[in-house]
Amino acid sequence: MPELPEVETVRDGLERLVVGAVVRDVEVFRDYSVRRHDGGPVAFRAELTGQRLAAAVRRGKFLWFPLEPADAPPPPGARSAAALLAHLGMSGQLLVRSGTDPDDFRHPHLRVRLHLDGAPSDARYVDFVDQRTFGYLSVSDLVPVPDGAPGGLGSDLAAVPGPVAHIARDLLDPYLKGGAEGRDDLARRVRRRRTQIKRALLDQGVVSGVGNIYADEALWRARLHWARPTDRLRVADVHRVLDAAEEVMREALAQGGTSFDALYVNVNGQSGYFDRSLNVYGREGEPCRRCGTPIRRDPFMNRSAFTCPVCQRAPRAT
DNA sequence: CTTCTGCCCTGGGAGC
DNA sequence: TGCTCCCAGGGCAGAA
């Protein structure tokens, strides 16, 4: 499934291959894949057609393209008022297509297809493919972010789509990354919560882009148990797990590859990272790579939490 | 206000 | 073999 590093790889690829293109037409094959949008798929198509994709921006796992009318280009420096917003959910892909016959590559789970003109590459279509339909597209108004500071990789805009307004920055954000001014404040906010550390890591209002997999991997690296109460953690513990989460994501991003030949493959959402690099997630019963103890799986929020019971000592009361 | 639960959806795989 | 059921996941609405 696309985690934050995959979404960033997709953003980077789309920035290179399709930003600047104009949407000539839109096909919606499944209404449910266009959500959070007044007027539904019909309005979605109308609002998107004739718009230029002016940039590719990401915050957490949200990805968006600020829009500009193609027939009335705004003056330089003007800000977009709306954006095409995408969330890939757990199975979404944005596939860049360059062929001339679109029927040649009609994926069985194709939900939405954008027809493009004038891309900076040979791209002709962007296909939104999503098997499990947890992902969606919409056109959303851009709203100022409350804290005003620039945010989102790929942009210095201080505005985000409405549905993203309550989503915190992520650990690759220039304002929040290791050593940046916002990092200490994030650690303080984590410790101010009265919950378990893994719940805080997954809370999109605290920090975004950390999913179930990376939460477990980061906690294993930081040798912290998922149930540790946030308000009783030491500051250094919180920093250690945040650093670990950023590190895991940067390693995955590096493995995504950056060569141009690989670009189409990477835009298409493949990573290969998870096949070899996971230390605890999905490894129940397999030996911990640090101490050999069998990895344990606990039920957690109708999901799972994977830990090494020796490296990550459970708190007294769970 | 903060914290937490249940739900959305599909198809692969396990179990019978 | 074919059927049923469970599971995965992020983020949201609404309850506590």
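Chain letters run A, B, ... following the sequence lines, proteins first and then strands; every chain starts at 1. Remember, predicted model here, so these are calculated numbers, not experimental data.
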**Study point:** d(CG, A:Asp170; C1', C:dG10) in whole Å
**Key:** 15 Å
Exercise for review: Rounded to the nearest angstrom, tell me the gap between atom CZ in A:Arg297 and atom P in C:dA8.
Suggested key: 6 Å
Under 3.5 Å between N/O atoms: give me all the protein pairs with nucleotides 4-6 of chain B, atom names plus distance.
residue, atom, partner, partner atom, Å
B:dC4, OP2, A:Thr195, OG1, 2.7
B:dT5, OP2, A:Arg199, NH2, 2.9

Practice item. Send over the distance from A:Arg58 CZ to C:dG10 P, rounded to a whole Å. Key: 15 Å
Exercise for review: Write out all pairs satisfying salt bridge (charged side-chain N to carboxylate O under 4.0 Å, His left out) with one or both partners inside residues 60-71 of chain A, taking only residues at least two apart or from two chains.
Suggested key: A:Glu3-A:Lys61
**Study point:** 5′-ward residue of the pair A:His109/A:Arg192 relative to DNA chain B
**Key:** A:Arg192
**Study point:** A:Asp117: partners by side chain to side chain donor-acceptor pair (under 3.5 Å), with sequence neighbours left out
**Key:** A:Arg24
Practice item. To the nearest Å, give me how far apart CG (A:Leu88) and P (C:dG11) are. Key: 11 Å
Practice item. Check whether any side-chain nitrogen or oxygen of A:His166 sits under 4.0 Å from OP1 or OP2 of C:dC12, and answer yes or no. Key: yes
Check your understanding: Which part of the nucleic acid, if any, lies within reach of A:Arg303 when heavy atoms closer than 4.0 Å are counted: base, sugar-phosphate only, or nothing?
Key -> base
Pair up each side-chain donor or acceptor in residues 133-143 of chain A with any protein partner under 3.5 Å, not counting sequence neighbours, and list the distances.
residue, atom, partner, partner atom, Å
A:Tyr136, OH, A:Arg36, NE, 3.1
A:Ser138, OG, A:Ser140, OG, 3.1

Check your understanding: What residues form a side chain to side chain donor-acceptor pair (under 3.5 Å) with A:Glu246, not counting sequence neighbours?
Key -> A:Arg183, A:Arg250
Check your understanding: Contact class for A:Ser304 (heavy atom, under 4.0 Å): base, sugar-phosphate, or nothing?
Key -> sugar-phosphate
Check your understanding: Are any of the side-chain nitrogens in A:Asp243 or A:Arg221 under 4.0 Å away from the carboxylate oxygens of its partner?
Key -> no
Practice item. Inspect the contact between A:Asp25 and A:Arg45 and indicate whether a charged nitrogen and a carboxylate oxygen are less than 4.0 angstrom apart. Key: yes
Review point. Which ones in residues 128-140 of chain A lie close to DNA chain B, meaning a heavy atom under 4.0 Å from one of its atoms?
Key: A:Gln131, A:Arg132, A:Thr133, A:Phe134
Review point. If only side-chain N and O atoms of A:His87 are considered, is one of them under 4.0 Å from the OP1 or OP2 phosphate oxygen of C:dG10?
Key: no
Check your understanding: Separation of A:Tyr32 atom OH from C:dG10 atom C1', in whole Å?
Key -> 12 Å
**Study point:** Contacts of type salt bridge (charged side-chain N to carboxylate O under 4.0 Å, His left out), residue A:Asp231, not counting sequence neighbours
**Key:** none
Check your understanding: Can you name the ring pair (Phe, Tyr, Trp, His ring centres under 6.0 Å) partners of A:His107, sequence neighbours left out?
Key -> A:His109
Practice item. Can you tell me the distance, in whole Å, between the CG atom of A:Leu85 and the P atom of C:dG11? Key: 11 Å
**Study point:** Partner residues of A:Arg283 under the salt bridge (charged side-chain N to carboxylate O under 4.0 Å, His left out) criterion, sequence neighbours left out
**Key:** A:Glu286
Revision key, fill the gap. With the side chain defined as heavy atoms from C-beta on, A:Ile167 is closest, among B:dT3, C:dC12, C:dG10, to C:dC12
Check your understanding: Who passes ring pair (Phe, Tyr, Trp, His ring centres under 6.0 Å) against A:Phe128, sequence neighbours left out?
Key -> none
Point to revise | Atom pair distance, as rounded to whole Å: CG in A:Asp31 and C1' in B:dC9 | key: 15 Å
Dump the pairs, protein N or O against N or O of nucleotides 13-16 of chain C, anything under 3.5 Å, distances to one decimal.
none

Revision key, fill the gap. Across all chains, not counting sequence neighbours, the side chain to side chain donor-acceptor pair (under 3.5 Å) partners of A:Arg296 are A:Asp298
Review point. Across the strands shown, which category fits A:Gly211 at heavy-atom distances under 4.0 angstrom: base, sugar-phosphate, nothing?
Key: sugar-phosphate
**Study point:** Side-chain donor or acceptor of A:Gln312 paired with backbone N/O of A:Leu224 under 3.5 Å
**Key:** yes
Check your understanding: Tell me: CZ of A:Arg59 to P of C:dG10, nearest whole Å?
Key -> 19 Å
